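Reading through the structure tokens given below for one structure.
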Amino acid sequence: MSKKLHFQGLIALFVTFCSLSQASAQFTLSGQLRTRTELRDGLGTLNLKGAKPAFFTSQRARLAFGYRWDRLLFNFSVQDVRVWGQDASSISNADGSRFMVHEAWGEVTLANSADTTIKFKLVENLSFKIGRQTLIYDDVRLLGDLDWLQQARRHDAALLKAQHKGWQVDLGAGFNQNTDAFGVTGTNYVAANVPAYTTDTKGNLVAVPGGFIPTNGKGGSLRLANNPSTNGMNQMYKSMQFLYVSRKFGQTKVSGLLFKDDFSKYRSDSIRNISGADTGYVYGRRYDQAGVNSRITYGLMINKTIGNASGFKTNITAAAYWQSGKNKDGRNLKASHYTVALTFQRGKFSFGPGWDYLSGNEAVGGGTGAVSISTTDNRFDPLYGTPHKFWGYMDYFYVGTGSAVGGLNNIYFKTKYTAKDFFIALDYHHFSLAKSQYLKGTDGKASTRFDNGMGSEVDLIVNYNLSKFTNLELGYCFMKATNTLEYAKLGSVDKADKSPQWAYLMINIRPDFFFAKPVAIKQ
């Protein structure tokens, strides 16, 4: 009886809450259930010949609560991400949880020219936003929410936002730490997810001590529980600061970005492990050195529209970005990224060519063992954006599996037909290296030079709105790859399937729980 009363009380509270929110329109409550069933036969990297395709369904379940009051915006979003069957139908506490906070931020208004109660009038709009939040700027090329990935992307940061006479100026910063535990001193930051156990040189299991990240042999790549970034990097930034400025002039928007991210310095170390008659070693790094390696990214983007949708519309997007300072390993950095795209639209049909260039290094060897010839790092890193949108939907470049050391040239042509409830898109990409890659000779030096061409990809996407809150998307993509791509990704030649393909069906349900269907009023 008591449980029944409690349940009825909760229902009554919820109904009251909904009624109150509808009356005041201060609250928003929305949800998302997005499942994606995929057939992967070479997504992200090439499969070895004879490998069987993978097939699975992943899902994201998200609940977002928003609140608005005088001079205050508040947002809280939680999500659960998992693969169907990843957990047994009855799990134990040891299985852990994949439930996490996606966003939790508050935004306080400091100035608003439309608010007569605020005396500060020097700036039309000024606000301060703090907490876990997404950073979305321009076309999400360098800063984006990476919504395609079920886990998405967010930053723990503070943001000062200003708008005045058509100008937008955002100033942001973040400072990361691993723990606030008592007894922890200093601000050293272990910038990766470390596995609980690893193996020594004799193959014996070793518990990984705190502050130590094991590597694959002496000076090798890091052994991580999972990669801390989605663009192939193995190190999360210790701190970051950025300035974004934009201004619209009619149908032309000009924006500039200055982004500085700082990476903890580290030293090489090893652990001796005695197991029975064996004496083995675990090589790795300790991120306990003073100072940081600072990388600076800066550049401009111009977006101009000519004409309008009722006639013939042309959109031109061009951008140039550069990187300098130090890379995360302390090497001098000098890299660049250029892009230009033309989109023509006539009615429901749009099409146009484009080109992306991301600088890279001349390298000897393949895969993760490739070694740059130059002492200066010329490899451009597209920061924390949404690479899935730009360099092929099969995610071979600047996504989870990393990109070729030699950078990227991407020449593409995109077409799209958009109707009321659906669109069909067909894209073609041709990929090549920006800098050459060489086969490693028996003496360890460069021998045969690979042709720069890495292959071509075709992406077909069909998207349909089943209802206001439900959307279906079907995709099929395939690539014709070359040995250059195989060597760049895997370090092998003629051992991988050069015709990878990928298909998916995504169902996206996004209810707005406070949405009220408009009702016609009889006169």
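Here the structure is a predicted model, which means the values were calculated and not measured.
- A cation-pi arrangement is absent between R295 and F263 under the rule of less than 6.0 angstrom and at most 45 degrees off the ring axis.
- Looking only at atom types and distance, the side chain of T317 has a donor-acceptor partner in the side chain of N315 under 3.5 Å away.
- At a threshold of 4.5 Å between non-hydrogen side-chain atoms, the residues V462 and Y464 do not count as touching.
- Judged by a 6.0 Å distance limit and a 45° cone about the ring axis, K260 is not positioned over the six-membered ring of F242.
- The shortest distance between side-chain heavy atoms of F423 and N463 falls below 4.5 Å.
- With R62 as the partner, the side chain to side chain contact (heavy atoms under 4.5 Å, CB included) test is satisfied by one option alone out of Q79, Q150, E103: Q79.
- Not counting sequence neighbours, Y189 has no partner by the side-chain hydrogen bond (donor to acceptor under 3.5 Å, both in side chains) test.
- A donor-acceptor contact closer than 3.5 angstrom is absent between the side chains of Q59 and D80.
- For the pair I296/L258, a side-chain contact is recorded, criterion being any heavy-atom separation below 4.5 Å from C-beta on.
- For T386, the side-chain hydrogen bond (donor to acceptor under 3.5 Å, both in side chains) test picks out no residue, with sequence neighbours left out.
- Separation of the H337 and Y357 ring centroids does not fall under the 6.0 Å cut-off.
- Contact of the V208 side chain with the P214 side chain is registered, since non-hydrogen atoms from C-beta on lie closer than 4.5 Å.
- Residues forming a salt bridge (Lys or Arg N to Asp or Glu O under 4.0 Å) with E486 (at least two apart in sequence, or on another chain): K498.
- In this structure, K468 does not pair ionically with D512, as no charged nitrogen and carboxylate oxygen lie closer than 4.0 Å.
- For R154, the side-chain hydrogen bond (donor to acceptor under 3.5 Å, both in side chains) criterion is met by H102, not counting sequence neighbours.
- Ring-plane geometry between F431 and H429 is classed as parallel, the angle between the planes falling under 30 degrees on a 0 to 90 degree scale with a further cut at 60.
- With sequence neighbours excluded, the residues satisfying ring pair (Phe, Tyr, Trp, His ring centres under 6.0 Å) with Y504 are W148, W502.
- Contact check for N410 versus F390: no side-chain heavy atoms found under the 4.5 Å cut-off.
- A donor and an acceptor atom, one from each side chain of Y266 and D329, are located under 3.5 Å apart.
- Annotation: salt bridge (Lys or Arg N to Asp or Glu O under 4.0 Å) contacts of E473 (sequence neighbours excluded): none.
- Remark: K52 NZ to D41 CG distance equals 10.0 Å, nearest 0.5 Å.
- Residues R132 and M100 are in side-chain contact: their nearest non-hydrogen atoms beyond the backbone lie under 4.5 Å apart.
- Between the side chains of Q168 and Y244, no donor-acceptor pair of N or O atoms lies under 3.5 Å.
- Outside the 6.0 Å centre-distance limit, the rings of F65 and Y67 are not counted as a close aromatic pair.
- In this structure, D147 pairs ionically with R60, as a charged nitrogen and a carboxylate oxygen lie closer than 4.0 Å.
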